[in-house]
Visitor: 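The structure is given below, and queries will be raised subsequently.
The structure displayed is predicted, hence computed values, not measured ones.
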Amino acid sequence: MRILLKYIFWALAFLSLIIYYFLGTKLGHISIRYLVEDYASKKMNNKLEILSLDINNYPLIKAEIQINDTARLSLEGNSDSDNMNIAYHLRGESFHWNTRNFIYPINLQGTIHGKRSALLVQGEGEVFDGKTSYSFIRKSSNIENLKLNLEDISAKYLLEFVNYKLPLEGNVDAFFNFEYLSSFRKKGKVIITMKKASMPEVLKDVEFSLNGTIEYKDLLRNFFVDIDSESGKLNIANGHYNKSAKLLTAEYDLQINELADFKNFLGHRYQGKLNTVGKLKYEAKNISLIGDSTSYGGLLEYRYKNKELELEFKHVSLEKLLHQLSFPALLEANVYGSASYDMQDKIVLINTALKEARFRRTKMTDTIYKVTGIDILKDVYNNSLFTAAYQNFVLTSFLQIDNGVNHLYLRDTRMNSKTNKITADFEVLIEEQEFVGEIYGTLKDPKVNLDISKLIKYQIKKKVNNFFGRIKSLK
């Protein structure tokens with residue numbers, strides 16, 4: 001918005017500036033056209049070609065000017081500097097001024113009247129493939145009482161004009177109301193509305209509405225933004241920006257209905273809902289976030305700064321968390337602990353404790369039951385932990401499920417989110433029966449290889465003990 005206001009100030013200043021040099025100087029009254037052209041072009045650093053100039057009834061004038069071989073400006077009316085009343089018409093398929101290229105059709109017409117020291121400029125027309133109307137008082141160093149309305153203009157054209165790279169498409173309604181506006185000071189408000197907007201590079205085939213307000217008081221800004229779509233909502237409230245300190249703060253409330261819709265933007269297929277609230281801070285070109293989410297059955301707190309994300313888990317559902325990361329959940333548990341994500345090197349580290357852990361039914365649990373007759377789904381494990389590291393699409397982890405009597409260890413587990421492959425070694429001790437094995441294959445169709453040698457030894461020993469126990473009882 002700062003860049004947009006800069007360009008608006010430039011555009012509005014142009015309308016009155018050209019009047020001043022053509023009509024408010026003595027040289028402008030000379031009937032020798034090429035002298036006026038040469039003077040005005042040098043003074044304004046742009047090529048101005050006077051196609052016609054009629055000052056026979058001065059101070060009534062009539063002029064036709066071509067600007068930098070692009071748009072034309074027509075002027076007609078009373079050029080008296082104490083009581084100016086000029087009608088203007090600026091139109092063209094393109095418009096070039098200084099280093100600014102306006103490559104879209106422009107058609108503006110209106111009036112300029114009053115004293116040269118305080119010109120009232122009014123007008124309306126078509127710009128950025130939409131409509132506009134405006135009025136303001138142009139003084140020597142600033143603009144006062146500005147009212148500018150942009151209706152149904154192209155967001156894409158507007159962003160291209162101000163050289164701002166944002167993949168936003170759709171039509172914009174904007175209203176500017178300022179008491180005063182200059183390069184250094186400004187007081188007023190901007191209201192922006194988009195009924196049907198889109199960002200194809202972020203969210204394909206999804207439209208959203210956008211409503212925002214920015215209040216200006218010299219170096220201070222207050223703002224809020226509301227974005228609403230079928231994919232979710234974003235509310236930014238209590239926004240404040242201090243231009244002198246280059247400090248921005250705001251509160252946000254983000255609701256995403258399906259993370260899978262953002263796969264191209266996020267670079268990974270996350271899934272499920274996400275609701276989060278927090279505070280953001282932008283200072284010295286660095287953004288930081290502090291927030292939390294209750295989307296996972298407990299409380300997930302996070303802090304982001306300098307491309308580092310830190311997480312704190314408090315009674316968070318492991319099943320819901322792994323589901324959102326598109327990884328299969330081998331068990332249900334409540335997670336306590338921490339994790340960190342280095343976004344620059346793309347490294348994730350996890351160190352957590354698991355409470356109230358229960359196995360979910362999988363091929364591994366079915367195989368254990370088939371071979372041993374033991375149902376490991378019935379036990380609850382409170383002395384458990386999970387540590388992991390994630391880099392280059394590979395999650396390497398160690399899982400310890402233990403309740404002091406029975407345990408299961410998943411050692412050297414490797415899950416690849418890109419190839420969907422999984423490998424893991426496991427050790428199980430349940431009801432005094434011990435066996436080991438490995439898991440391999442894909443995340444969607446894992447295979448289990450069970451080494452039952454220890455289990456056979458246990459079963460043989462148990463049967464021998466039972467046999468000698470019966471012999472002793474016979475004696």
Side-chain angles (χ1 to χ4, degrees), residues 1 3-23 44 46-52 61-79 84-98 100-114 119-138 143-164 169-178 181 188-195:
M1 186 55 65
I3 298 175
L4 178 57
L5 280 177
K6 176 183 175 182
Y7 278 81
I8 287 174
F9 178 72
W10 162 81
L12 298 180
F14 158 78
L15 288 174
S16 48
L17 182 65
I18 197 167
I19 296 296
Y20 170 76
Y21 280 115
F22 271 96
L23 307 175
M44 287 189 276
N46 285 270
K47 180 184 177 182
L48 302 175
E49 182 181 358
I50 300 179
L51 304 178
S52 65
I61 61 95
K62 187 175 181 180
E64 186 81 9
I65 307 156
Q66 187 161 23
I67 303 168
N68 291 317
D69 299 319
T70 54
R72 288 191 178 190
L73 176 66
S74 300
L75 301 171
E76 184 174 3
N78 187 349
S79 64
M84 190 175 293
N85 189 2
I86 299 289
Y88 66 87
H89 188 188
L90 177 66
R91 73 275 187 198
E93 292 302 310
S94 62
F95 177 44
H96 176 75
W97 184 259
N98 291 336
R100 314 304 179 194
N101 283 313
F102 193 92
I103 60 175
Y104 320 102
I106 185 171
N107 186 3
L108 301 175
Q109 53 186 325
T111 60
I112 302 177
H113 58 85
L119 292 172
L120 173 62
V121 181
Q122 297 174 307
E124 62 181 13
E126 294 81 41
V127 67
F128 298 122
D129 204 27
K131 297 180 179 180
T132 182
S133 61
Y134 49 88
S135 67
F136 61 93
I137 296 175
R138 176 66 168 94
I143 289 174
E144 294 182 359
N145 298 330
L146 166 66
K147 288 180 173 56
L148 168 64
N149 187 51
L150 299 173
E151 182 181 349
D152 212 27
I153 67 169
S154 168
K156 181 180 178 181
Y157 291 171
L158 179 62
L159 291 169
E160 287 177 350
F161 176 64
V162 299
N163 197 29
Y164 195 82
E169 298 182 5
N171 291 336
V172 182
D173 292 336
F175 179 67
F176 298 73
N177 188 356
F178 280 79
L181 175 65
K189 178 187 291 188
V190 180
I191 300 174
I192 300 174
T193 302
M194 296 185 72
K195 295 179 181 179

Visitor: Less than 4.5 Å apart, any side-chain heavy atom of T70 and any of F102?
Guide: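 Side chain of T70 against side chain of F102, heavy atoms only: no contact under 4.5 Å found.
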Visitor: Residues two or more places apart in sequence or in another chain: which of them pass salt bridge (charged side-chain N to carboxylate O under 4.0 Å, His left out) with K195?
Guide: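 Counting only residues at least two positions away or on another chain, K195 forms no salt bridge (charged side-chain N to carboxylate O under 4.0 Å, His left out).
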Visitor: Using the ring pair (Phe, Tyr, Trp, His ring centres under 6.0 Å) criterion, which residues pair with Y157? Sequence neighbours excluded.
Guide: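 Scan of Y157 (ring pair (Phe, Tyr, Trp, His ring centres under 6.0 Å), adjacent residues dropped) gives Y104.
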Visitor: My understanding is that only one of N149, L150, L148 makes a side-chain contact (heavy atoms from CB on, under 4.5 Å) with Y134; could you say which?
Guide: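 Answer to the side-chain contact (heavy atoms from CB on, under 4.5 Å) test with Y134 among N149, L150, L148: L148.
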Visitor: Backbone N or O of K147 within a donor-acceptor pair of the N177 side chain at under 3.5 Å?
Guide: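 No; judged by distance alone, with no hydrogens or angles, the pair does not exist.
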Visitor: Sequence neighbours left out, what passes salt bridge (charged side-chain N to carboxylate O under 4.0 Å, His left out) with E144? Give chain and number order.
Guide: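 Testing E144 for salt bridge (charged side-chain N to carboxylate O under 4.0 Å, His left out), a comparison that skips the adjacent residues, returns K139.
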Visitor: What pairs with K131 under side chain to side chain contact (heavy atoms under 4.5 Å, CB included), at least two apart in sequence or on another chain?
Guide: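 Checked K131 against side chain to side chain contact (heavy atoms under 4.5 Å, CB included); matches are E151.
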Visitor: Taking only residues two or more places apart in sequence, or in another chain, which ones meet N68 in a side-chain hydrogen bond (donor to acceptor under 3.5 Å, both in side chains)?
Guide: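 So N68 forms a side-chain hydrogen bond (donor to acceptor under 3.5 Å, both in side chains) with N46.
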Visitor: Test of understanding: with side chain to side chain contact (heavy atoms under 4.5 Å, CB included), list the residues that count as partners of L159, not counting sequence neighbours.
Guide: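 L159: side chain to side chain contact (heavy atoms under 4.5 Å, CB included) contacts with Y164, L166, L168.
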Visitor: Under the side chain to side chain contact (heavy atoms under 4.5 Å, CB included) test, which residues partner N85, sequence neighbours left out?
Guide: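 Counting only residues at least two positions away or on another chain, N85 forms a side chain to side chain contact (heavy atoms under 4.5 Å, CB included) with N78, H113.
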Visitor: What is the distance from atom CD of Q109 to atom CG of L90, rounded to the nearest 0.5 Å?
Guide: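 These two atoms lie 10.5 Å from each other.
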Visitor: Once rounded to the nearest 0.5 Å, what's the spacing between atom CD1 of I103 and atom CD of E160?
Guide: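 Going from CD1 on I103 over to CD on E160, the span is 6.0 Å.
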Visitor: With sequence neighbours excluded, tell me which residues meet side-chain hydrogen bond (donor to acceptor under 3.5 Å, both in side chains) with S94.
Guide: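 Checked S94 against side-chain hydrogen bond (donor to acceptor under 3.5 Å, both in side chains); zero matches.
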Visitor: Which residues satisfy the salt bridge (charged side-chain N to carboxylate O under 4.0 Å, His left out) test with R91, sequence neighbours excluded?
Guide: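 Checked R91 against salt bridge (charged side-chain N to carboxylate O under 4.0 Å, His left out); matches are E64.
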